Visitor: 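Have a look at the structure that comes next, please.
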Amino acid sequence: MAGKGGVGKTTVSAAVAYLGAASGLDVLIVEVEGKSGLPELFGRDDSLAYEEAVLLEAGEAGPGSGAVRARTLTPDDALVEYLDGRGLGKISRRLRTTGTLDVIATAVPGIKDILVLGKVKQLEVAAAASGSPGLIVVDAPAAGHAVTFLSSAYGLIEAAAVGPIRSQALEVSEMLSDPERCQVMVVTLPEETPVNEAADTAFHLEDRASVKLTPIVVNGVWPRVTLPGRLERERYGLSPEEAARIEAAVEFRLARQDLQAEQLSRLASLLPLEQVQLPYLFNVDLDIEATRTLALELGRQLERPQP
Amino acid sequence: MTERSTLDGLLSRREVVICAGPGGVGKTTCAAAIALHGARLGLRSCVVTIDPAKRLGDALGVASLTNEAHRVDIDPPAPPGGGLWALMLDTKSTFDEVVTRYSASPEQAQAILSNRLYRNISGVLGGTQEYMAMEKLYALHSSGLYDLIVVDTPPTRHALDFVDAPGRLMRFLDNRVFRLLMSPTRVGLRAIGAATNLLLRAVSKVVGGAVVNDAVAFFTAFEGMEQGFRDRAANVSALLSDPRTGFVVVTTPRREAVNEAIFFADRLAGSSDRVDALVANRMFPSFGSLPAVMTAALTDVPGQLDVPDGDRTASNLARSDVEATARILTDFEQISSKEESHISELAKRLPGTAIIRVPFLAADVHDMGGLDEVQKLLFAVS
């Protein structure tokens, strides 16, 4: 999942996970920034940790549905695991406390990203080997950084990094470029700046990270209401004050609705990608109800016959 | 709704205003609107932007990175003596300038500027952009050219805060492990200790010896400059805690954004009482509830609406009008009360901080006209 901050990337990640579970897959959500409002979207109030936590039990999304689990996977976590796996567990703490990790990460840009992606790959391979391949949803860093994140493997391969990091990068690039294993969903809002950034991100991801893109998700689209005709005040017995505020509300809705429609068509002309439009939810706070509503809508639109 | 607060009075107390908050909430717009207000009060007012949305950047004349402030035409023009300047921070060249200024010789500066590790710093090391924004602020403030400087800050999702940024960079530049390694004559090889050796050997094994060499070269080139950097960071920190500097936390009323704003405000409030205000940007307007006469109409049986001619088609049409009106008003009322509850939660957590509500406008702010509108809303100018 890739998108600029504030576009609802976490909300859409939750909806994708819910949809996956509802179609019988076991889903794991990986949060790479270590901080997230994800549990609330499944009606839980615990915060995410390195250990997997169940956000949705198997069967909760309908008969035969899978479970949704979630965990954090920060670069520090990934490094500790990586070193542990090589018998260097003892020094990993010192690497962090002495600031040596910062120095290495600055000297070798992309190394943190590759460690995180390497771990994701390991989780994917393990799930496939267990005979029940599920779905892993990675809540990637904010837009500009998502491109860096996903192209880190190629950067490191080109930089001819040595030994273990190079082979890690090669394996990650294999996973990323195989559409059967990995696809990237770009999330945006029907507003000018998010639309521009989403289009840039999508092109950069295809060019620099050679990933396949899913349809683009436009979050927060106001359901189009048929606007009422001009209400005749006398006919409804409205006071001038009532008539005026109704008119103001209708005008505001119309202005915003038109602005969104304009941005949606601009996105379509900038980016030759199928669009999925998720509704703005006026009536609910973001909780499991909202997640379910968005998941159903997402499923409905993804399954419609492609032209 | 509570009594309407504004930012009036802010600019008589502060010479520096820092706008902080989560990403995508309109920080740049608020920063520019505050600077614009300063200009209109007759101040020489400068806004430092980090990454403005394209059209807003164009409107401010900062479509590309410029470390020089550029004068922005405003209409009506600022009173004599006042004016609006804008710049878009170039982190890399700001850092380069600092290195050049503090190095003992052009050779030392060159050795640092061409080091691979140094070249990655501005793009990779967390907090560098924040720190350089503060460096630029310090330089602009001490130039004496401006009466008011308003700084937009990079969007952060991490706990990392620009207030910590000078400290983070100093810790990086002071790195003990590499310092010990590069000065064997002073410390003696043995003093490096088995633990450090093991550490560096492990590092070489994983990322290659070239990386360790690069790092050593970097810290060697940096030798002798730490003190200058430390003094500089102390000056920047002092400016941040100076009573002439104030903070405005910007957020939207969405729950996640509010949670982040609380976090920011807590961090800032911990060190001072200089959070001048909290701007709740893009609040949905409420247009009130459905008039009683229309509610009554909605509960009528279809086709039975009281319309003059009793014409069936006309009454159905009328009913759909009532329904659409109801839908629009209820949507706005629901969202607005939800947002208001998030904001009042925020208000409870920040007693004594003025909360300024800026409505979601019918169009987005991309030009000077839009900035005018935001300026008026922030400062209650009519």
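What you are looking at is a predicted structure, and each value in this text was computed from that prediction instead of being measured. We name chains A, B, ... by the order of the sequence lines, and we start the count at 1 in each one.
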Visitor: Considering non-hydrogen atoms only, spot the tightest contact between B:Phe332 and A:Ala249 and give its length.
Guide: CE1-O, 3.6 Å
Visitor: Sort out for me which of A:Ala255, A:Ala107, A:Gly110, A:Ala105 touches chain B most, counting heavy-atom pairs under 4.5 Å.
Guide: A:Ala107
Visitor: Select one option (side chain, backbone, both, neither) describing which atoms of A:Val225 are under 4.5 Å from chain B's heavy atoms.
Guide: side chain
Visitor: So do A:Ile246 and B:Pro291 actually touch side chain to side chain, heavy atoms under 4.5 Å?
Guide: yes
Visitor: If you count heavy-atom pairs within less than 4.5 Å of chain B, which of A:Val103, A:Thr193, A:Asp258 leads?
Guide: A:Val103
Visitor: Tell me, do A:Trp222 and B:Asp331 make a side-chain contact under 4.5 Å, heavy atoms counted?
Guide: no
Visitor: Of the backbone (N, CA, C, O) and the side chain (C-beta and beyond), which part of B:Asp214 lies under 4.5 Å from a heavy atom of chain A, both, or neither?
Guide: neither
Visitor: To the nearest 0.5 Å, how far apart are CG in B:Leu56 and CD in A:Glu192?
Guide: 10.0 Å
Visitor: Heavy atoms only: give me the nearest B:Ile335-A:Tyr280 pair and the separation to one decimal.
Guide: CD1-OH, 3.2 Å
Visitor: Is the Lys NZ or Arg CZ of A:Arg253 less than 6.0 Å from the centre of B:Phe287's six-membered ring, within 45° of the axis?
Guide: no
Visitor: Compare every heavy atom of B:Ser289 with every heavy atom of A:Arg245, then report the nearest pair and how far apart it is.
Guide: NH1-O, 2.8 Å
Visitor: Counting only heavy atoms closer than 4.5 Å, note whether A:Glu40 contacts chain B via side chain, backbone, both or neither.
Guide: side chain
Visitor: Using non-hydrogen atoms and a 4.5 Å limit, figure out which bit of A:Leu254 sits close to chain B: side chain, backbone, both or neither.
Guide: neither
Visitor: Between B:Phe284 and chain A, with a heavy-atom cut-off of 4.5 Å, which part of the residue counts as in contact: side chain, backbone, both or neither?
Guide: side chain
Visitor: Quick check on B:Arg254 against chain A: is it the side chain, the backbone, both or neither that has a heavy atom closer than 4.5 Å?
Guide: side chain
Visitor: Could you tell me which residues satisfy side-chain hydrogen bond (donor to acceptor under 3.5 Å, both in side chains) with B:Glu323, sequence neighbours excluded, listed by chain and number?
Guide: B:Arg319
Visitor: Which answer fits B:Leu329, side chain, backbone, both or neither, if we ask what part of it has an atom under 4.5 Å from a heavy atom of chain A?
Guide: side chain
Visitor: Hey, what do you get for CG (B:Leu290) to CD (A:Glu242), rounding to the nearest 0.5 Å?
Guide: 9.0 Å
Visitor: Quick check: closest heavy atoms across A:Phe252 and B:Leu361, and the distance to 0.1 Å?
Guide: CE1-C, 3.8 Å
Visitor: I need the minimum non-hydrogen distance between A:Thr106 and B:Phe172, along with the two atoms involved.
Guide: OG1-CE1, 3.6 Å
Visitor: Minimum heavy-atom separation for A:Phe282 and B:Lys338, please, with both atom names.
Guide: O-NZ, 3.9 Å
